[in-house]
Amino acid sequence: MNKGESMAKVYEPCTVEKQIYENWEANGYFKGVIDPEKKPFTIVIPPPNITGQLHMGHALDETLQDIIIRFKRMQGFSALWLPGTDHASIATEAKIVDALAKEGLTKEQIGREEFLKRAWDWKAKYGSRIVTQLRSLGSSCDWSRERFTMDEGLSKAVREVFVRLYNKGLIYKGERITNWCPCCNTSISDIEIEYSEDDGYFWHINYPFADGSGALTIATTRPETLLGDVAVAVNPEDEKYKDIIGKMLILPLVNKEIPVIADDYVELGFGTGAVKITPAHDPNDYEVGKRHDLPVIRIMDDKGFINENGGKYAGMERYAARKQIVEDLKAEGLLVKIEPHKHNVGHCQRCGTVLEPFVSNQWYVKMKPLAEPAIDAVRSGRIKFVPDRFAKTYYNWMENIQDWCISRQLWWGHRIPAYYCDECGHINVSREAPEKCECCGSTKLTQEQDTLDTWFSSALWPFSTLGWPDETPDLKYFYPTDVLVTGYDIIFFWVARMIFSACEQMGEVPFKTVLFHGLVRDSQGRKMSKSLGNGIDPLEVIDQFGTDALRFSLITGNSPGNDQRYLQEKVESARNFANKIWNATRFVLMNFDEDPDFTKVDPAKFTIEDKWILSAANRLVSEVTENLEKYELGVALSKVYDFVWDVYCDWYIEMVKPRLFDSTADNRLEAQFVLNEVLIKCMKLLHPFMPFVTEAIYQKLYKDAESIMISSWPQANEKYSYPEEEKAIDFIIDAIKKIRNIRHEMGVPSSRKAHVIAVTTDVSKAAILSKCEPILKNLGYCAGLTVQADNTGISKDAASISLPDASLFMPLEELIDIKKEIERLTQEKQNLENEINRISSKLSNENFVNKAPAQVVEGERAKLEKYRSIYENTANRLHDMLERG
RNA sequence: GGAAGUAUAGCUCAGCUGGUUAGAGCAUUCGCUUGACGUGCGAAAGGUCCAGAGUUCGAAUCUCUUUACUUCCACCA
């Protein structure tokens, strides 16, 4: 039994994938190694959350990166794909809090230390799950370098950056309006807000004038905030209210006097034209309050309950208080009307709770100075966005950036390295806990309770994972990284922040290219989500169809930055493709001699079809390489697919079958060589996309193969350039297709072979036809072929095929329907005429001939010549038939 | 309110810097135990490239306008 016969008839991914992956890893092929002889190529993984489960988005993201890194590795770069995970402060903390709740505990009850212990335990238990899942995608990450955003080194980097920014005055602590999630119990940054258009109400409320002269009507969507009102503002230009500016109003329910003030902020013509001002609970009001020097009265606590400033409402939950206040206003006759009102309400990105903006004391990063170099990094081209339209989104955000609230009232995360002096109140900010206050020398210091936004640490990922702030050899060699692959949905959260962090800390960009991909949606185009239950588990798909099939289906038809749909049919066809190449290999090996000695191959014995495919494979190599360099992964893949399936399997293999089956054939070894040569080239081109099946095949093709993943990327081989043979075989394929077409149309069974007569006066065409007789016989169902220069002996009822500079005649005896044949020829003649007219009018257009590139004009001329020749043949035959018929 | 994307065969999508008789997969129709594969082979049908205007010798491709859908940003109490 030879190697081919020992291969299963159907490729079964699940039987080989795991072992192949373990082999790669055990042999250290994934390792990024500092090699001064080689150029580095670096990718850092977008670290998945430790709370995460593998989803289709990861699958796409990982596949793209793996394709690029495998390609570069094969090209001879010292490739490093650095993996790791993110601590995901808010998401993880919520998990721990939930787990505690099940035990009837709160985090306050167990205290910070115990809480963190549990969090680390949780991380140890579940943090590796996602990493295991990434491996099943075939990811060739250097797992020996796996990092975690809260490991020792990265925490050091975080403290270093914090201290540096603080010392430069770019981090400050201040009292400002911040968005607060009463459910997660923490402040959040602006970009963590998700707005949605919600149904609400406009409550119109009368605020009576203190002097008893009537009332002023305001409208609000949050009536409970009136407890914190300190004024009512009107537009200074508003004729209606000119006279009341400066008058005092009685704040309902609170019974306190507040002034009517004038401020441009109030928009003319909107609502009642009078706006209650609650500086502690609204960012705009806060600004108005500052301008008018008004007090800031916070009336709600961190959990969303009315505080002691709320008088009799103190202790009530915010919505209960709202209801009560509306009722009380109604009772006092101050409620004018309630209007339904749609408005945008901010929700917590993580838990969906309606956010409460209020003043609190938080840490911020001053963004303006950081944004400028970051904008320049992209504008100058040092960082390239693919597709480049995302640069616009990026500029727009960066140019209008607000300061970044980085403190979180959470325990799981990097605790802010600020130490308050209990004696003098001075804030000591330092890398390590100071022994005494740098201001008064007191040793009584208390560390800040708050932790940092998760994204603060991931912003440092490209350099912190390489050892920064230490000047490590890794950092020197592998930084800056080459390409970052990520979804466009985190351009602000992560990409932008890495850019300004790197520019500030490293003085250099974090990566040279950012390749953005879109979302993987369900088959109906909906976002995959837990609540819809429409998510598809990549692991299940892998089990069923294989990793390669999943990867293939995600990449084919994918273009940068665009969303795509997940369709199972696509995975199925990808699986079929894996099976196809498996069987092509099986065929090749089944038809190998025992250990063919390719050193004995004589290129002089290459046939026309050997040269044709060697030449075509060369072009494929160049094109695919170029597409990959430009990150056109989907295009590259479909080119290999087409070549392997259509060109290699359906044509070349079929062409060489007779040679292989004839053990005495003189050039059998050459056929085996070419089959092998081209197949290996294709497998290498395909390997980044479909690593497992190509490895499995590679192992079959080579006796002592190490691994395809460390083999070298194919190069176009100049000695295999045969443009003439390529043209010749294209001519023959065209002829065969036409023969098959006619036979099918005439309903001729494939068992009935026809003796074909080729008529041509063109010497080179005659030669090609003669040379290709075996191919025509085999694939064109010919019993034999005669090539001659004139029409002698051609029966009137033979079916005819017009080719450039040649005609083929197929006597099919009684099977041919003359009427039908005349119809067919007439139609064909008409089609050709149309084409010829189109092209000749183009060529007779002086402007075209003068202005179009010579190559294009030449191309059109050649086309015209070809069609004319075919036309002539068709017209002659038609004429003949009509005459004789 | 601002910005962006998409619109190509029944479905899902390719088509790069303008020059193809406009492509693929799936589905459809017809035929095939052709010594690798029916997860296959062969053949076919199917498209005013959303609509309109412009630039050009030439537009699916570039510009503008319209329509439909999608997304992001901002946000008026």
Side-chain angles (χ1 to χ4, degrees), chain A residues 4-5 7 9-11 191 195 202 218-222 225 233 265-267 270-278 282 284-285 343-344 346 387 389-390 392-393 396-397 400 488-489 491-492 518-519 523 525 545 549 553 556-559 561-570 572-591 626-627 630 632 634-635 638 641-642 649-650 653-654 657 661 737 740-745 747-751 778-779 781 831-832 834-835 838-839 842 845-853 855-857 859-860 863 867:
Chain A
E5 282 157 351
M7 286 171 76
K9 222 171 156 179
V10 171
Y11 172 62
I191 56 174
Y195 287 95
F202 239 159
I218 60 94
T220 179
T221 56
R222 292 185 295 157
T225 59
Y265 155 67
V266 181
E267 196 184 317
F270 185 85
T272 65
V275 183
K276 62 195 269 312
I277 299 299
T278 325
D282 183 281
N284 290 307
D285 292 9
H343 60 146
N344 267 336
R389 68 181 132 93
F390 288 109
K392 236 181 216 175
T393 318
N396 187 44
W397 189 71
N400 299 297
Y488 61 71
D489 49 332
I491 182 165
F492 307 135
L519 267 47
S523 60
F545 299 103
S553 75
T556 181
N558 174 279
S559 54
N562 291 329
D563 291 355
Q564 61 184 312
R565 299 183 192 207
Y566 172 84
L567 297 169
Q568 196 179 92
E569 304 88 87
K570 242 170 122 177
E572 283 166 19
S573 87
R575 176 212 44 195
N576 295 353
F577 181 58
N579 189 56
K580 184 74 185 177
I581 57 178
W582 175 260
N583 271 289
T585 307
R586 194 167 150 249
F587 172 83
V588 168
L589 290 174
M590 278 167 82
N591 290 286
E626 199 185 319
N627 286 129
K630 295 198 287 196
E632 294 163 351
V635 178
S638 70
Y641 174 93
D642 288 343
C649 291
D650 289 346
I653 284 184
E654 294 304 326
K657 270 181 179 173
F661 296 159
K737 281 187 170 171
R740 287 168 173 176
N741 178 347
I742 287 185
R743 291 179 58 101
H744 188 263
E745 267 181 30
V748 186
S750 50
S751 55
N778 187 26
L779 303 183
Y781 311 102
N831 290 348
L832 286 162
N834 294 345
E835 268 314 293
R838 198 181 58 81
I839 300 171
K842 210 172 185 180
N845 181 339
E846 264 180 52
N847 279 322
F848 172 71
V849 180
N850 294 335
K851 291 186 185 172
Q855 224 183 346
V856 173
V857 178
E860 292 296 312
K863 239 190 286 177
Y867 288 136

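Chain identifiers are assigned alphabetically (A, B, ...) following the order of the sequence lines, protein sequences preceding nucleic acid strands; residue numbering begins at 1 within each chain. On a predicted model such as this, the values are computed, not experimentally measured, just so you know.
Within 4.0 Å (heavy atoms only), A/Ile277 reaches no atom of the nucleic acid at all. Across all strands, A/Lys630 comes closer than 4.0 Å to base atoms (heavy-atom distances). Within the nucleic acid shown, A/Val857 has no heavy atom closer than 4.0 Å to any nucleic acid atom. The residue A/Gly634 sits apart from the nucleic acid: no heavy atom pair falls under 4.0 Å. Nucleic acid contact class of A/Asp650 (heavy atoms, under 4.0 Å, all strands): sugar-phosphate only. Residue contacts for A/Asn344: at a heavy-atom cut-off of 4.0 Å it reaches a base atom on one of the strands shown.
A close approach under 4.0 Å does occur between a side-chain nitrogen or oxygen of A/Lys580 and OP1 or OP2 of B/C41. Taking side-chain N and O atoms only, A/Lys392 has no distance below 4.0 Å to OP1 or OP2 of B/C73. Contact annotation: A/Ser638 does not reach the phosphate of B/A24 (side-chain N/O to OP1 or OP2, under 4.0 Å). At the phosphate of B/C16, neither OP1 nor OP2 sits under 4.0 Å from any side-chain N or O atom of A/Asn627.
For the atom pair CG (A/Asp282) and CD1 (A/Ile277), the distance works out to 8.0 Å, reported to the nearest 0.5 Å.
At least one test fails for A/Lys580 against the ring of A/Tyr641: distance under 6.0 Å to the centre or angle within 45° of the axis.
Toward the 5' end of RNA chain B, the nearer of the two residues A/Val266 and A/Cys649, judged by each one's closest nucleotide, is A/Cys649. Position along RNA chain B of the nearest nucleotide to A/Ala274 versus A/Lys851 favours A/Lys851 as the more 5'-ward residue.
Here B/G5 presents its P atom at 17 Å from CG of A/Leu519, a figure rounded to the nearest Å. Rounded to an integer number of Å, the gap from CG of A/Asn284 to C1' of B/C75 is 9 Å.
Across B/A60 and B/A44, the matching P atoms stand 25 Å from one another, rounded to whole Å.
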Output one line per pair: protein atom, nucleotide atom from nucleotides 20-23 of chain B, and distance, for all N/O pairs under 3.5 Å.
residue : atom : partner  : partner atom : Å
B/U20   : OP1  : A/Lys842 : NZ           : 3.4
B/U21   : OP1  : A/Lys863 : NZ           : 3.4
B/U21   : OP2  : A/Arg838 : NH2          : 3.1
B/U21   : OP2  : A/Lys863 : NZ           : 2.8
B/U21   : O4'  : A/Glu835 : OE2          : 3.2
B/U21   : O4   : A/Tyr867 : OH           : 2.8

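Between A/Trp397 and A/Phe492, the angle of the ring planes stays under 30°, which puts this pair in the parallel group of the 30/60° scheme.
If you check B/A36, B/G25, B/G42 against the side chain of A/Ser573, the one that comes closest is B/G25. Out of B/C13, B/C57, B/A36, the shortest distance to the side chain of A/Ala852 is found at B/C57. Of the candidates B/G25, B/C76, B/G19, the closest approach to any side-chain atom of A/Pro853 belongs to B/G19.
With a 3.5 Å ceiling on both atom-pair distances, B/A74 lacks any Watson-Crick or G-U wobble partner.
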